[in-house]
Every structure is written in structure tokens, then in C-alpha cells.
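Values below: all heavy atoms of this structure, side chains included; hydrogens, waters and symmetry mates excluded.
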Amino acid sequence: MSLVVENLHVSFEEKSILTNVNLELRHDEIIAILGPSGCGKTTLLRTIAGLQSQLSGTISLDGESIDNIPCERREIGMLFQRPVLFPFKDLLGNILFAYQKKDQRNMSDVQSVIQEMGLEGKEHQAIETLSGGEAQRVVLARALLTKPKLLLLDEPLSALDVDLRRKIAKEMRSTLKSRSIPAIHVTHDPIEATLIGDRVIDWIELQPGGDNEE
């Protein structure tokens, strides 16, 4: 899988947020984009995912434009700053939400992901009892089970303390590499960026002179 973003321009209420952004993600690569809060990183990920429309420019996966493909059909997973979990479901129920139909469930794959995420034995634990790190592992496990072509990581570790953030960054990198899932990870933490990325891109390289809020 390769991703190419060309001359991307996004604006809100006639205010430019992204201007002529170009980015290429190579096969099985993890890119870390480093930049301060409010620079436009989240807008870039949301546009790639199809959650935000662009004014101009193109986004292509494997040489095919996805500009007119709705977000639910892009096969792109996204993790947000705060984990999106359902309090009325236990840990396993939240992970199984990745499956739309019961007959699609491969429980051996589910159990493998749970074990890989270090969540074995906690399948029926209530969501409100999870730590911040465990909650992010749950949403990562759920994303992995959808077998995305690309995973977008919107500072999913920013709410964790520094030591845990860097520990999970290493775990995420190992998991994505073992499953050959390409990813774009955005962060304001330079050490986190180097821990997870094959390549680190400073935001100013994508958006020279940009000072817009997301």
C-alpha cells in the first residue's frame, strides 16, 4: 500500500488550514509528523480519512484516487487523542465492535490480538476500570481487527504520562511492523516521533510558514 497526497488545500469559512500539502507514504512505512498543537496535523489526518473534505488537491491509495470515496469505504483506521469506547460494553465487547456481522468473527484472531496487546484475562473487565494505557490498547486492537490498509494516529498517547507514552509508542511500532500496516502518527513529542516512525517529518516541511489552528 502506498499513499500519495498532492497539493492538498483545506479551508474553513474561507480561512486556509492546509495549503499545498504534499506527502508520500511508502509500502509498510510508518511516518511520524512532528508539530505543535493547532498547526493542522489533525485536519490532515481527518482529510485523508474522509472525515473532512478538501478544497483542492488529491489523495491516492495504491495509485487510485479516493477523493470521492466516503470514509466508511476507504479502509482507513484512525485512533484519536482520547479513546472512543462504549461504557455499556466490556473490554471484549468493545473489541468485537470491529465486526459488523457475527459470521465474520474469527475468535482465534481476536484472542491473538488481545494477547498481543497485553489484555489477556481482562476480556470482561468494565471499561471504566481500565487505565489510560489499557484503553488505548483496546482501541488499537479494535482497529487492527478491521485489517485497515492504513492507520492514522492522531496523538493517541498525548494524555498518558511520559514514560507510559514512550513505552506504548514502542509497542505500537512493533505491532504495526509485525502486521505490515503502514501508518501516519502525529505528535508534538520529538522522542515519541523517533520511537514510532521510520521517518520523522517536521510539520514546517509540509506547511512552510503555516500558523493556522486546527
Novice: Report yes or no: does Ser112 contribute a side-chain atom to a donor-acceptor pair with the main-chain N or O of Ser108 at less than 3.5 Å?
Specialist: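 Judged by distance alone, no pair lies under 3.5 Å.
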Novice: Taking all non-hydrogen atoms of both residues into account, name the closest pair between Pro87 and Leu85 and its distance.
Specialist: CD-O, 3.5 Å
Novice: Can you list everything that forms a ring pair (Phe, Tyr, Trp, His ring centres under 6.0 Å) with Phe88? Sequence neighbours excluded, please.
Specialist: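 Phe86.
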Novice: Hey, is the main chain of Leu164 close enough, under 3.5 Å, to the side chain of Asp161 for a donor-acceptor pair?
Specialist: yes
Novice: Give a yes or no on whether the backbone of Thr19 and the side-chain of Gln207 come within a donor-acceptor separation of less than 3.5 Å.
Specialist: yes
Novice: When you group the ILVMFWY residues by side-chain heavy-atom contacts below 4.5 Å and let the links chain together, are Ile30 and Leu157 in the same group?
Specialist: yes
Novice: Measure the CG-CG distance between Leu119 and Leu140 for me, rounded to the nearest 0.5 Å.
Specialist: 9.5 Å
Novice: Will you find, in the side chains of Thr187 and Asp189, an N or O donor that is under 3.5 Å from an N or O acceptor?
Specialist: no
Novice: If you count heavy atoms of other groups shown closer than 6.0 angstrom to CD of Glu72, is the number above 12?
Specialist: yes
Novice: Heavy atoms only: give me the nearest Leu3-Leu150 pair and the separation to one decimal.
Specialist: CD2-CD2, 4.0 Å
Novice: For Pro83 and Val139, which heavy atoms make the closest approach, and how far apart are they?
Specialist: CB-CG1, 3.8 Å
Novice: Let me check something: do Ile127 and Ile168 share a hydrophobic cluster, defined by ILVMFWY side-chain heavy atoms less than 4.5 Å apart, either directly or through other members?
Specialist: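 In one cluster with Ile127: Ile168, yes.
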Novice: Do Ile59 and Leu8 pass the side-chain contact (heavy atoms from CB on, under 4.5 Å) test, and can you show the C-alpha distance, the side-chain angles, and the key distance before you say yes or no?
Specialist: CA-CA 8 Å; Ile59 303 170; Leu8 192 66; 4.2 Å; yes
Novice: Are Leu195 and Val186 linked, directly or through other ILVMFWY residues, by side chains that come within less than 4.5 angstrom of each other?
Specialist: no
Novice: Donor-acceptor check, side chain of Thr129 to backbone of Ala126, threshold 3.5 angstrom: yes or no?
Specialist: yes
Novice: Determine, for Arg179 against Glu116, whether the closest basic-nitrogen to carboxylate-oxygen distance falls under 4.0 angstrom.
Specialist: yes
Novice: Looking at Lys147 and Glu75, does any basic side-chain N land under 4.0 Å from a carboxylate oxygen?
Specialist: no
Novice: My understanding is that only one of Leu144, Leu145, Thr146 makes a side chain to side chain contact (heavy atoms under 4.5 Å, CB included) with Pro148; could you say which?
Specialist: Thr146
Novice: Rounded to the nearest 0.5 Å, what's the gap from OG on Ser2 to CG on Asp62? Could you check?
Specialist: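 One finds 4.5 Å between OG of Ser2 and CG of Asp62.
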Novice: From Arg165 CZ over to Glu192 CD, what is the distance, rounded to the nearest 0.5 angstrom?
Specialist: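 So the gap between those two atoms works out to 5.5 Å.
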Novice: Can you check side-chain contact (heavy atoms from CB on, under 4.5 Å) on Phe80 and Gln136, steps first, answer last?
Specialist: CA-CA 9 Å; Phe80 301 92; Gln136 285 296 7; over 6 Å; no
Novice: Test salt bridge (charged side-chain N to carboxylate O under 4.0 Å, His left out) on Asp198 and Arg26 and set out the steps.
Specialist: CA-CA 10 Å; Asp198 297 315; Arg26 297 183 287 267; over 6 Å; no
Novice: With rounding to the nearest 0.5 angstrom, report the CD to SG distance, Gln52 to Cys71.
Specialist: 11.5 Å
Novice: I'd like to know if the side chain of Asn7 reaches the main chain of Asn20, judged simply by a donor and an acceptor atom lying under 3.5 Å from each other, with no hydrogens or angles considered.
Specialist: no
Novice: Looking only at heavy atoms, what is the nearest atom pair of Ile196 and Arg173, with distance?
Specialist: O-NH1, 3.2 Å
Novice: Looking at Leu79 and Met172, what are the two nearest heavy atoms and their distance?
Specialist: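 Minimum heavy-atom contact is CD2-CE, 4.0 Å.
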Novice: Assigning hydrophobic clusters by single linkage (Ile, Leu, Val, Met, Phe, Trp, Tyr; side-chain heavy-atom cutoff under 4.5 Å), is Leu45 placed with Phe12?
Specialist: yes
Novice: I want to check something: taking the side chain as every heavy atom from C-beta on, are Asn22 and Val5 in contact at a cut-off of under 4.5 Å?
Specialist: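 When only atoms from C-beta onward are counted, Val5 and Asn22 do not touch, as no gap falls below 4.5 Å.
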Novice: Decide yes or no on side-chain contact (heavy atoms from CB on, under 4.5 Å) for Lys149 and Ile76, but give the supporting numbers first.
Specialist: CA-CA 6 Å; Lys149 290 183 177 179; Ile76 295 175; 5.6 Å; no
Novice: To the nearest 0.5 angstrom, please state how far the CD1 atom of Ile95 sits from the CD atom of Gln111.
Specialist: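 Here the rounded value is 9.0 Å.
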Novice: Could you tell me whether the side chain of Gln54 and the main chain of Gly57 form a donor-acceptor pair under 3.5 Å?
Specialist: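 Such a contact is found between Gln54 side chain and Gly57 backbone.
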Novice: Is the backbone of Cys39 close enough, under 3.5 Å, to the side chain of Trp203 for a donor and an acceptor to pair up by distance?
Specialist: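 Here the side-chain-to-backbone pair exists.
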Novice: Short question: side chain of Arg74, backbone of Ile69 - any donor-acceptor pair under 3.5 Å?
Specialist: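 Indeed, once roles are kept as given, a pair shorter than 3.5 Å links the two residues.
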Novice: Give the minimum heavy-atom separation between Leu130 and Glu134, together with the two atoms involved.
Specialist: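 That closest heavy-atom pairing would be CA-OE1, 3.4 Å.
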Novice: Measure the spacing between OG of Ser131 and CG of Leu160 and express it to the nearest 0.5 Å.
Specialist: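 Rounded to the nearest 0.5 Å, the OG-CG separation comes to 8.0 Å.
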Novice: Please check if the number of heavy atoms outside Arg82 that lie under 6.0 Å from its CZ is greater than 12.
Specialist: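 No, not enclosed.
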Novice: Give the C-alpha distance, both sets of side-chain angles, the deciding distance and a yes or no for side-chain contact (heavy atoms from CB on, under 4.5 Å) between Ile31 and Ile33.
Specialist: CA-CA 6 Å; Ile31 288 178; Ile33 298 176; 4.0 Å; yes
Novice: Cut-off 3.5 Å, side chains only: do His188 and Ser37 have a donor facing an acceptor?
Specialist: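 His188 vs Ser37: no donor-acceptor pair found between side chains.
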Novice: For Lys170, I'd like to know if atom NZ has over 12 heavy atoms of other residues, nucleotides or ligands within 6.0 Å.
Specialist: no
Novice: With side chain to side chain contact (heavy atoms under 4.5 Å, CB included) as the test, pick out the partner of Ile184 among Leu153, Leu23, Asp154.
Specialist: Leu23
Novice: Can you confirm whether Pro182 sits close enough to His27 that some side-chain heavy atom of one is under 4.5 Å from a side-chain heavy atom of the other?
Specialist: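 They are not in side-chain contact.
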Novice: Does Val84 share a hydrophobic cluster with Leu51, counting links as ILVMFWY side-chain heavy atoms below 4.5 Å and allowing steps through other members?
Specialist: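 Hydrophobic grouping puts Val84 with Leu51.
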